[in-house]
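Each remark here refers to the structure printed beneath this line.
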Amino acid sequence: MIYNTLTRRKEEFRPLAGDTVRMYVCGVTVYDLSHAGHARSAIVFDVIRRYLAYRGYQVRFVKNFTDVDDKIIRRANEEGVPPSLVSERNIEEYHADMAAIGVAPADEEPKATEHVPRMIQLIQRLVAKGVAYAVDGDVFFEIRKFPGYGKLSGKKLEDLVAGARVEVDERKRDPLDFALWKASKPGEPAWESPWGPGRPGWHVECSAMSMQYLGETFDIHGGGEDLIFPHHENEIAQSEGATGRPFARFWIHNGLANLGAQKMSKSLGNTLTIKDLARRHDPEALRLYLLGTHYRNPLDFAEARIDEAGRALERFRALLEAADRLASRGTPAPGSDDGLLGTVGSLRERFQAAMDDDFNAPQAIAALFEMASVLHAYRDALERDERPVGPFLLGVNELLTLGHVLGLFQKPVEPAGPPREVAERIEALVRARDGARARRDWRRADALRSEIAALGAITEDTPHGTRWKWTPR
RNA sequence: GGCGGCGUAGCCAAGUGGUUAAGGCGGAGGUCUGCAAAACCUCUAUUCAGCGGUUCGAAUCCGCUCGCCGCCUCCA
């Protein structure tokens, strides 16, 4: 079941063609660095894509870059560089940001500037059908000619006109008509067209590129809920106006991350860029935090919550590390698992049921936490040699698999360690402390523990020896 | 003004007509430990902004009130 903005209901999801899911998500306009809200959207659709793949679908995923628009041009003028430099730089930054937060690249990441001929074709089709008109080198879409206008956003034309605060271009036949093609002013990027030199309007790029890569009708179109109107509404009008066929079947919109609680920064906009977040926090903690709120709900972004999520992550990581260590100690061996795998199996079903119900990641994560609990309990018994190791390894593997579906546990379990010399010193101190402990010289042992702590590590004594963890301040 | 959403424990956050209201963080107690750490166990909302109503039964449906937010303009 997926909530479809178009129908305002959860609907059973079936792809149009067999096992292939074709999905398009509106990417970013690359005039600046991406921020927390972009991260949320990217992670939400990354998880949707991963889950569909986990469910056995072949997902064809397209995410665009808007690399020509007013803001890019303005930024370029401010910096005194060509617009392409601004957009290329920010596309690189975007790729780096996505890699940093574990978002996999889309199968196709088309740029608007590389698809202008397609857009011109689409506009020509609309003009030929009589639903678009050219004035002085601009081309507008005539919304009154598209009966379904407003069906996605639930807006009535009369209300829109009444409340319109847009400055009205009197060349438009209706104030709501929107630009498909803009005649370019001197110094702006321009492409030749039947209407003279110009550049595409914002909305038309997504229609042209989505249909080029996915066909005239495809399964899922996504984006932030701020895009519902007018962007997505206009995409529907253009696409269906041209093809006469349904455009996207399911519309998925993520709730916005507002920084309301976070007072807007001193000078310019708030500085919660992905770059800053990735530098200050564990990216997986960020992901766990963001997925802890259902994707359609608004999220009040708070950095302290990311650190909380980081503490919760430790419980998973301890398990993965334990499995790594224990893997060498035995293979799946017969013996009672005390119901472990049965419990793990039913938790996996809960995970799936949650994700099947409109990608309820918070509930899916709850199942994962419970899975971690039973695995840890089993591990406790195992460390006392009361249980075979096989079931534990299988259970952790299940946890790992489901975590991957949410894009968690992507990094190697090896956490960043201290520099070699420090590690060697710590090792030496740990050995010395073990010696002291063997002599039951507690005072000496505690003194050594303090020294180890001063170097930035915490000791953990177990039945199988002392371990230490690097916990840099 | 129009359209839409939200208000659940100290904090974050699921649940949207019917067994004990998920889960996380924090907190309290316990087990383990030389002491710790980590982990595990138990506890931490007789109650879901407030007031009415519908119903055998409501956090979940309806109405009103209070508070907060989004979109209607570029925006993930």
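Per chain, numbering begins at 1; letters A, B, ... match sequence-line order. These numbers come from a predicted model, not from an experiment.
Annotation: side chain to side chain contact (heavy atoms under 4.5 Å, CB included) contacts of Lys10(A) (sequence neighbours excluded): Met1(A), Tyr3(A), Arg296(A), Asp357(A), Asp358(A). Taking the side chain to side chain donor-acceptor pair (under 3.5 Å) definition, one finds that Asn360(A) meets it with nothing, sequence neighbours left out. With sequence neighbours left out, Leu256(A) forms a side chain to side chain contact (heavy atoms under 4.5 Å, CB included) with Glu225(A), Asp226(A). With sequence neighbours excluded, the residues that form a side chain to side chain contact (heavy atoms under 4.5 Å, CB included) with Asp70(A) are Lys182(A), Arg199(A).
Minimum atom distance to the side chain of Phe229(A) is reached by rC72(B), of the listed rA76(B), rC72(B), rC3(B). Picking from rA37(B), rA39(B), rA76(B) the nucleotide with the shortest atom distance to the side chain of Glu460(A) gives rA37(B).
Counting to the nearest Å, the C1' atom of rG4(B) and the CG atom of Asn254(A) are 16 Å from each other. A straight line from CD of Glu233(A) to P of rC71(B) spans 16 Å, rounded to a whole angstrom. In this structure, the CD atom of Glu383(A) is 18 Å from the P atom of rA37(B), given to the nearest Å. Leu290(A) has its CG atom 17 Å from the P atom of rA76(B), to the nearest Å. Following rounding to the nearest Å, Leu320(A) (CG) and rA39(B) (P) show an atom-to-atom distance of 13 Å. Between Lys156(A) atom NZ and rC71(B) atom C1' there is a gap of 15 Å when expressed in whole angstrom units. Rounded to whole Å, the distance from CZ on Arg379(A) to P on rA39(B) is 8 Å. Straight-line distance from the NE2 atom of His231(A) to the P atom of rU73(B): 15 Å, rounded to whole Å.
A gap of 36 Å separates the C1' atoms of rC11(B) and rG2(B), to the nearest Å. Only the C1' atoms considered, rG5(B) is 16 Å distant from rA49(B), to the nearest whole Å. Here the separation of rU60(B) from rC48(B), taken at their C1' atoms, is 10 Å to the nearest Å. rU31(B) and rA37(B): their P atoms are spaced 14 Å apart (whole Å). When the P atom is compared between rU44(B) and rA22(B), the two are found 11 Å apart, to the nearest whole Å. For the C1' atom pair drawn from rG27(B) and rC69(B), the interatomic distance equals 31 Å after rounding to whole Å. Taking atom C1' on both rU16(B) and rA58(B), the two are 10 Å apart, rounded to the nearest angstrom. Distance noted for atom P between rA13(B) and rC74(B): 30 Å (whole Å).
Electrostatic pairing of Glu308(A) and Arg305(A) counts as a salt bridge here, judged by a charged N lying under 4.0 Å from a carboxylate O. Looking at Arg431(A) and Asp434(A), no side-chain N of the basic residue comes within less than 4.0 Å of a carboxylate O on the acidic one, giving no salt bridge. Under the 4.0 Å criterion applied to side-chain N and carboxylate O atoms, Arg89(A) and Glu79(A) are assigned as salt-bridge partners. Salt bridge annotation for Glu284(A)-Arg317(A): present, with a cationic side-chain nitrogen under 4.0 angstrom from a carboxylate oxygen. Under 4.0 Å is where a charged nitrogen must lie from a carboxylate oxygen, and between Arg60(A) and Asp219(A) no such pair does. The pair Lys111(A)-Asp67(A) fails the salt-bridge criterion, with no side-chain N (NZ, NE, NH1 or NH2) lying under 4.0 Å from an Asp/Glu carboxylate O.
Using a 4.0 Å heavy-atom cutoff across all strands shown, Gly222(A) reaches no nucleic acid atom at all. Among the atoms of the strands shown, base atoms are found under 4.0 Å from some heavy atom of Leu256(A). The residue Gly37(A) sits close to a base: some heavy atom pair falls under 4.0 Å. Across all strands, Ser34(A) comes closer than 4.0 Å to no nucleic acid atom at all (heavy-atom distances). Across all strands shown, Ala381(A) has no heavy atoms under 4.0 Å from either base or sugar-phosphate atoms. Base engagement by Thr459(A) is indicated by at least one non-hydrogen atom pair under 4.0 Å involving a base atom.
Judged by distance alone with a 3.5 Å cut-off, no donor-acceptor contact links the side chain of Asn258(A) to the base of rC68(B).
A cation-pi geometry, defined here as NZ or CZ lying under 6.0 Å from the six-membered ring centre and within 45° of its normal, does not hold between Lys63(A) and Tyr24(A).
Counting only residues at least two apart or on different chains, the salt bridge (charged side-chain N to carboxylate O under 4.0 Å, His left out) pairs with a member in residues 24-48 of chain A are Asp32(A)-Arg75(A), Asp46(A)-Arg50(A), Asp46(A)-Arg287(A). Identified under the ring pair (Phe, Tyr, Trp, His ring centres under 6.0 Å) test for residues 356-392 of chain A, with sequence neighbours left out: Phe316(A)-Phe369(A).
Between Val374(A) and Tyr295(A), the residue anchored nearer the 5' end of RNA chain B, judged by the nucleotide with its closest heavy atom, is Tyr295(A). Mapping Glu225(A) and His203(A) onto RNA chain B by nearest heavy atom places Glu225(A) at the nucleotide closer to the 5' end.
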Check: residues 95-107 of chain A side-chain donor-acceptor pairs under 3.5 Å, at least two apart:
{"residue": "His95(A)", "atom": "ND1", "partner": "Ile91(A)", "partner atom": "O", "Å": "3.4"}
{"residue": "His95(A)", "atom": "NE2", "partner": "Glu109(A)", "partner atom": "OE1", "Å": "2.6"}
{"residue": "Asp97(A)", "atom": "OD1", "partner": "Lys275(A)", "partner atom": "NZ", "Å": "2.6"}
{"residue": "Asp107(A)", "atom": "OD1", "partner": "Arg49(A)", "partner atom": "NH2", "Å": "3.4"}
{"residue": "Asp107(A)", "atom": "OD2", "partner": "Phe61(A)", "partner atom": "N", "Å": "2.7"}

Quiz: residues 345-353 of chain A side-chain donor-acceptor pairs under 3.5 angstrom, not counting sequence neighbours:
{"residue": "Ser346(A)", "atom": "OG", "partner": "Thr343(A)", "partner atom": "O", "Å": "3.0"}
{"residue": "Arg348(A)", "atom": "NH1", "partner": "Glu398(A)", "partner atom": "OE1", "Å": "3.0"}
{"residue": "Arg350(A)", "atom": "NH1", "partner": "Glu370(A)", "partner atom": "OE1", "Å": "3.4"}
{"residue": "Arg350(A)", "atom": "NH2", "partner": "Glu370(A)", "partner atom": "OE2", "Å": "2.8"}
{"residue": "Gln352(A)", "atom": "OE1", "partner": "Arg55(A)", "partner atom": "NH1", "Å": "3.3"}
{"residue": "Gln352(A)", "atom": "NE2", "partner": "Tyr54(A)", "partner atom": "OH", "Å": "2.8"}

Strand RNA chain B as a dot-bracket string - pairs counted if Watson-Crick or G-U with both distances under 3.5 Å, | where the partner lies in another strand:
((((((((.[[[..)..(....]]]((((((.......))))))....[[[[[..)....]]]]])))))))....
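At the phosphate of rG4(B), neither OP1 nor OP2 sits under 4.0 Å from any side-chain N or O atom of Ser153(A). Look at His376(A) and you won't find any side-chain N or O under 4.0 angstrom from OP1 or OP2 of rA39(B).
Near-neighbour residues of RNA chain B inside residues 60-73 of chain A, defined by a heavy atom below 4.0 Å, number-ordered: Lys71(A). Listed by residue number, the members of residues 434-452 of chain A with any heavy atom below 4.0 angstrom from RNA chain B are Arg437(A), Trp442(A), Asp446(A), Arg449(A).
Heavy-atom contacts from other residues, nucleotides or ligands closer than 6.0 Å to CD of Glu427(A) number more than 12.
Heavy-atom minimum distance, Asn64(A) versus Cys206(A): ND2-SG, 4.0 Å.
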At under 4.0 Å between heavy atoms, which parts of nucleotides 15-26 of chain B does protein reach? Answer with one letter per nucleotide, 5' to 3': B base, S sugar-phosphate only, - none.
S------BSBSS
